[in-house]
Amino acid sequence: MMVRVRFAPSPTGFLHIGSARTAVFNWLFARRYGGRFLLRIEDTDQKRSEARYLEEILKDLRWLGIDWDEEPVFQSRRFDIYRAKAEDLVAAGKAYREGEAVLFRVEKGRTIEYKDMIHGPIAWQTDDIKDQVLIKSDGSPAYNFSCVVDDGFMGISHILRGDDHISNTPKQILFYEALGLRPPEFGHMPLILGPDGSKLSKRHGGVSVEEYKREGFLPQALANYLFLLGWSPGEEREILSLEEAVKIFDVAAMNAVQAKFDIQKLSWFNAEYIKKAGADELIPLLGIHLLEAGFDLASSDDAYIGRVLELYRVRIKTLRDFPAMVECFFRDDFAVEEGGRALLDDPGNRELIADLAVRLESIDPFGHEAVEKLFRERAAERGIKPAQLIHPVRMAVSGRSKGAGLFEMMEVLGKETVLRRLRRVAHGSADKA
RNA sequence: GCCCCUGUCGUCUAGCCCGGUCCAGGACAUCGCCCUUUCACGGCGGCAACACGGGUUCAAAUCCCGUCGGGGGCGCCA
C-alpha cells in the first residue's frame with residue numbers, strides 16, 4: 001500500500017514548534033517508506049485564518065528542509081462537499097438535523113478499538129461519547145468531520161499527529177464507518193512540554209519556528225533536535241541530518257511519553273552545526289545579524305566577515321551571539337568592558353603598550369606568528385610573563401578580556417588598526433569616547 | 001467529575017516487547033582536572049535515575065495489580 005500522510009496546519013498563527021515537529025515526523029515517515037507527504041490547509045475558521053500566516057508556515061517548513069508533494073488541499077473550498085456528505089448521512093438515518101446544524105448519532109453500547117502505531121491497542125466505550133456535530137449552524141464543518149472527509153478524499157494511509165488528538169480518534173473512526181471508508185492507521189505522538197512540565201507556551205520563550213530562526217538557530221539544528229525529541233535512532237549518535245534520519249526512522253520506536261523542551265540542548269546542537277557549517281552558508285546570515293545589531297558593514301566584505309567568523313565559530317552557540325562578541329572588528333569606538341579601563345589607565349601598562357606599538361611597526365607582513373614571536377621575545381627581555389603583555393593589549397585592541405586568540409585577532413584587525421588603537425591607549429586618549 | 005495516554009539521572013534518552021549479560025549505557029547541563037594569553041573548543045574524570053507499594057519468579061528496570069505523580073480530552077475551536 002502506498003504511504004500517504006499529511007500535515008494539516010491551521011493558518012491562524014505562525015508555525016508552532018510542536019507543529020513543526022509533527023510535520024518533521026510525518027515527512028520522515030513518508031520519505032522513509034517512499035510515500036507522499038501532503039499538505040492540507042485547515043482554514044475553516046474564516047475569521048481567524050489569514051493568508052500571511054499560510055505563507056509564513058510554508059516558508060518555515062521549507063526553511064526546515066521539509067518539502068511536500070501535490071497541491072495543498074484547502075478546506076475552505078470544500079464546504080459544499082462536507083454538507084453533501086452530511087446530508088447523505090442524514091438520509092441514511094445516521095445523522096439528524098438540530099436547528100441549522102447536523103449532528104451525528106453515536107450508537108451506544110459499542111466498543112471502539114484500534115491499534116495505535118505508538119501506543120498499541122486503545123479502546124473506548126461509545127457510552128462515553130456524545131452525539132457529534134458534523135455541520136455547524138453557520139454551515140461550516142466541525143473539525144472531526146472535515147478531517148475524516150478530507151483524509152478519505154486525499155487517500156491518507158497513516159495519520160501521525162499529536163497526543164491531544166487521541167480522544168478524537170474514536171469519533172473519527174465512527175465517521176469512517178458511517179461514510180463507508182476504511183480508517184487509516186493512527187499514531188499519536190506525545191506533545192512537547194515546557195521546561196516546567198506544563199504546556200509549551202509563550203511564557204517559556206520561543207514557541208514559533210520563526211522566532212528560533214530569528215534568534216540565530218540553524219534549520220538543520222532545529223530539525224535534528226526536534227526529531228530526537230520522542231525518537232531515538234537506537235545507536236549512540238545524536239548529530240544526524242534529516243536525510244540520515246530518513247534511512248533509519250521507525251514510528252514504532254517512538255517514545256510514548258511527553259518530553260520537555262530543553263533550550264540548552266537545542267543550543268548545543270546549534271553550536272555543533274555552526275562548527276561544521278560552510279563559511280559560504282554562514283557569512284550571509286551573519287551579515288544580517290551584524291546589520292540588525294547596528295554595525296556599519298560598508299567597509300567589510302564577505303572575506304573579512306569570514307575571517308572574523310573563523311575566529312569565533314567555536315565560541316558562539318547561535319548566530320545572534322556573534323555581533324556581541326565581535327564589535328571591535330567593525331568599529332573603533334567599541335565598548336570597553338567594566339574593569340577594563342583600569343588596565344588601560346595603568347602607567348606601567350601604557351609604557352608596555354607604547355613600547356610594543358613601536359616594535360610592531362616593523363613587522364611586515366603582519367602575521368600572527370610574527371606578532372606572537374615579538375611578544376614573547378619582548379617579555380623575555382623584560383623578564384616578565386607574556387601574559388603581562390597580552391592582557392593589556394587585548395583590552396586595548398578589543399575592549400574585552402575574553403575572546404579569540406590575541407595574535408589571530410591582531411592579524412585579522414590589521415597592522416594599521418592595531419597600531420592606531422595601541423597608540424590611542426599609550427597616549428591616554430582612550431577614554432575620550 | 002468522567003474518559004484516555006503516560007512515569008529510567010535536573011533534561012533528552014538506551015535498555016523493557018524476547019526477565020539474568022544493568023550495583024543501569026550515552027548525550028545536554030553541572031562540578032573538577034588537563035590543554036592554554038583570556039574565553040571557548042578539545043581531552044579526561046566526578047555527581048546523578050529504574051516514582052512508590054504489593055505480587056509472580058531461583059532471579060524484575062524488564063511480567064501482573066494497586067497507589068501516587070505528569071499530560072491530554074470531555075466545544076456548533078482546530
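Just so it is clear, the values below take in all heavy atoms, side chains as well, and ignore hydrogens, waters and symmetry mates. The sequence lines fix the lettering, A, B, ..., with proteins before strands; numbering per chain opens at 1. Quick caveat: nothing in here was measured; it's all calculated off a predicted structure.
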Original post:
Taking the side chain of A/K402 as its heavy atoms from C-beta onward, which of B/rU37, B/rU38, B/rA27 lies nearest to it?
Top reply: B/rU38
Original post:
What is the distance from CD of A/Q264 to C1' of B/rA29, rounded to the nearest Å?
Top reply: 5 Å
Subject >> Spacing of A/N144 atom CG relative to B/rC74 atom C1', expressed in whole Å >> reply: 12 Å
**OP:** Indicate whether OP1 or OP2 belonging to B/rC28 is found under 4.0 Å from a side-chain N or O atom of A/K317.
**Re:** no
**OP:** Return the value, rounded to whole Å, for the distance between atom CE of A/M409 and atom P of B/rA40.
**Re:** 15 Å
Original post:
Just wondering, are more than 12 heavy atoms of other shown residues or ligands nearer than 6.0 Å to CD in A/E369?
Top reply: no
With the criterion being N/O to N/O and under 3.5 Å, what pairs connect the protein with nucleotides 1-5 of chain B, and how long is each?
{"unit_1": "B/rC5", "atom_1": "O3'", "unit_2": "A/H119", "atom_2": "ND1", "d": "2.9"}
{"unit_1": "B/rC5", "atom_1": "O2'", "unit_2": "A/H119", "atom_2": "ND1", "d": "3.2"}

Subject >> Distance between C1' atoms of B/rU57 and B/rU62 (Å, rounded) >> reply: 13 Å
**OP:** May I have the step-by-step check of salt bridge (Lys or Arg N to Asp or Glu O under 4.0 Å) for A/E372 and A/R376, ending in yes or no?
**Re:** CA-CA 6 Å; A/E372 177 166 5; A/R376 295 198 184 284; 2.9 Å; yes
Subject >> Candidate nucleotides B/rG72, B/rC41, B/rU37, ranked by approach to the side chain of A/V314 - the nearest >> reply: B/rC41
Original post:
For A/N270 and B/rC12, what is the distance between atoms CG and C1' respectively, to the nearest whole Å?
Top reply: 17 Å
Original post:
Who pairs with A/S140 by side-chain hydrogen bond (donor to acceptor under 3.5 Å, both in side chains), at least two apart in sequence or on another chain?
Top reply: A/D138
Subject >> Rounded C1' spacing from B/rC18 to B/rA61 in Å >> reply: 15 Å
Original post:
Would a line drawn from the ring center of A/F330 to the ring center of A/Y304 be shorter than 6.0 Å?
Top reply: yes
Original post:
Has A/E381 got more than 12 heavy atoms of other residues, nucleotides or ligands less than 6.0 Å from its CD?
Top reply: yes
Original post:
Which value, in whole Å, describes the distance between the P atoms of nucleotides B/rC28 and B/rG19?
Top reply: 33 Å
Original post:
With rounding to whole Å, what would you report as the distance between B/rC52 and B/rG69 at their C1' atoms?
Top reply: 10 Å
**OP:** Name the nucleic acid region contacted by A/A404, choosing base, sugar-phosphate or nothing; use a 4.0 angstrom heavy-atom cut-off, strictly under.
**Re:** base
Subject >> Whichever of A/S10 and A/S232 has its nearest RNA chain B nucleotide further upstream toward 5' >> reply: A/S232
Original post:
Between A/F249 and A/F25, does the ring centroid distance fall short of 6.0 Å?
Top reply: yes
Original post:
Base, sugar-phosphate alone, or nothing: which one does A/H165 contact when heavy atoms must sit under 4.0 Å apart?
Top reply: base
**OP:** Would you kindly compare A/G403 and A/E272 by the position of their nearest RNA chain B nucleotide and give the one closer to the 5′ end?
**Re:** A/G403
Original post:
Can A/D88 and A/K85 be said to form a salt bridge (Lys or Arg N to Asp or Glu O under 4.0 Å), step by step?
Top reply: CA-CA 5 Å; A/D88 289 348; A/K85 292 287 182 188; 5.2 Å; no
**OP:** Please state the C1' separation for the pair B/rC47 and B/rU11 - nearest whole angstrom.
**Re:** 15 Å
Original post:
With rounding to whole Å, what would you report as the distance between B/rG42 and B/rU36 at their C1' atoms?
Top reply: 11 Å
Original post:
Between atom NZ in A/K199 and atom C1' in B/rG71, what is the gap in whole Å?
Top reply: 10 Å
Subject >> Pair partner, B/rC47 [Watson-Crick or wobble, under 3.5 Å] >> reply: none
Subject >> Nearest-angstrom distance from the residue atom CG of A/L406 to P of B/rU36 >> reply: 17 Å
Original post:
Which nucleotide, in any strand shown, forms a Watson-Crick or G-U wobble pair with B/rU36, with both distances under 3.5 Å?
Top reply: none
Original post:
Choosing from B/rU37, B/rG26, B/rA78, which nucleotide comes nearest the side chain of A/E238?
Top reply: B/rG26
Original post:
Using 4.0 Å as the upper bound for N to carboxylate O, is an ion pair formed by A/K373 and A/E377?
Top reply: yes
Subject >> Sugar-phosphate only, base, or nothing, as touched by A/G230 at under 4.0 Å among non-hydrogen atoms >> reply: sugar-phosphate
**OP:** Starting at atom CZ of A/R48, determine the distance to atom C1' of B/rA78, rounded to an integer number of angstrom.
**Re:** 7 Å
Table please: side-chain donor-acceptor pairs of residues 217-229 of chain A below 3.5 Å, with sequence neighbours left out.
{"unit_1": "A/Q220", "atom_1": "NE2", "unit_2": "A/E281", "atom_2": "OE2", "d": "3.1"}
{"unit_1": "A/N224", "atom_1": "OD1", "unit_2": "A/L240", "atom_2": "N", "d": "2.9"}
{"unit_1": "A/N224", "atom_1": "OD1", "unit_2": "A/Y273", "atom_2": "OH", "d": "2.5"}
{"unit_1": "A/N224", "atom_1": "ND2", "unit_2": "A/E238", "atom_2": "O", "d": "3.0"}
{"unit_1": "A/Y225", "atom_1": "OH", "unit_2": "A/D262", "atom_2": "N", "d": "2.7"}
{"unit_1": "A/Y225", "atom_1": "OH", "unit_2": "A/D262", "atom_2": "O", "d": "3.4"}

**OP:** Between B/rA59 and B/rG20, how far apart are the C1' atoms? Round to whole Å, please.
**Re:** 6 Å
Original post:
How long is the line joining CD1 of A/I118 and C1' of B/rG72, in whole Å?
Top reply: 14 Å
**OP:** Can you tell me, in whole Å, how much space there is between the C1' of B/rU21 and that of B/rG66?
**Re:** 32 Å
Original post:
Hey, does A/T44 reach any base, or is it just sugar-phosphate, or nothing, if we go heavy atoms under 4.0 Å?
Top reply: sugar-phosphate
Original post:
Can you find a side chain N or O atom of A/N168 that sits less than 4.0 Å from OP1 or OP2 on B/rC74?
Top reply: no
Subject >> B/rG19 pairs with, by Watson-Crick or G-U criteria that keep both distances under 3.5 Å >> reply: none
Original post:
What nucleic acid atoms does A/Y312 come within less than 4.0 Å of, heavy atoms only: base, sugar-phosphate, or nothing?
Top reply: nothing
Subject >> Selection from B/rC28, B/rA78, B/rC39 that lies nearest to any side-chain heavy atom of A/R315 >> reply: B/rC39
Original post:
Within the pair A/K171 and B/rC74, is there a side-chain N or O less than 4.0 Å away from OP1 or OP2?
Top reply: no
Original post:
Would A/E411 and A/R307 count as a salt bridge (Lys or Arg N to Asp or Glu O under 4.0 Å) if you check the C-alpha gap in whole Å, the side-chain angles of each, and the deciding distance to 0.1 Å?
Top reply: CA-CA 10 Å; A/E411 178 179 324; A/R307 296 179 73 194; 3.6 Å; yes
Subject >> A/V257, nearest nucleotide to its side chain (from B/rG7, B/rC28, B/rG42) >> reply: B/rG7
Original post:
Picking from B/rG70, B/rC28, B/rC74, which would you name as closest to the side chain of A/D262?
Top reply: B/rC28
Subject >> Strand partner of B/rC9, provided both Watson-Crick or wobble distances fall under 3.5 Å >> reply: none
Original post:
Less than 3.5 Å between a donor and an acceptor, one on the side chain of A/K265 and one on the base of B/rA29, is that the case here?
Top reply: no
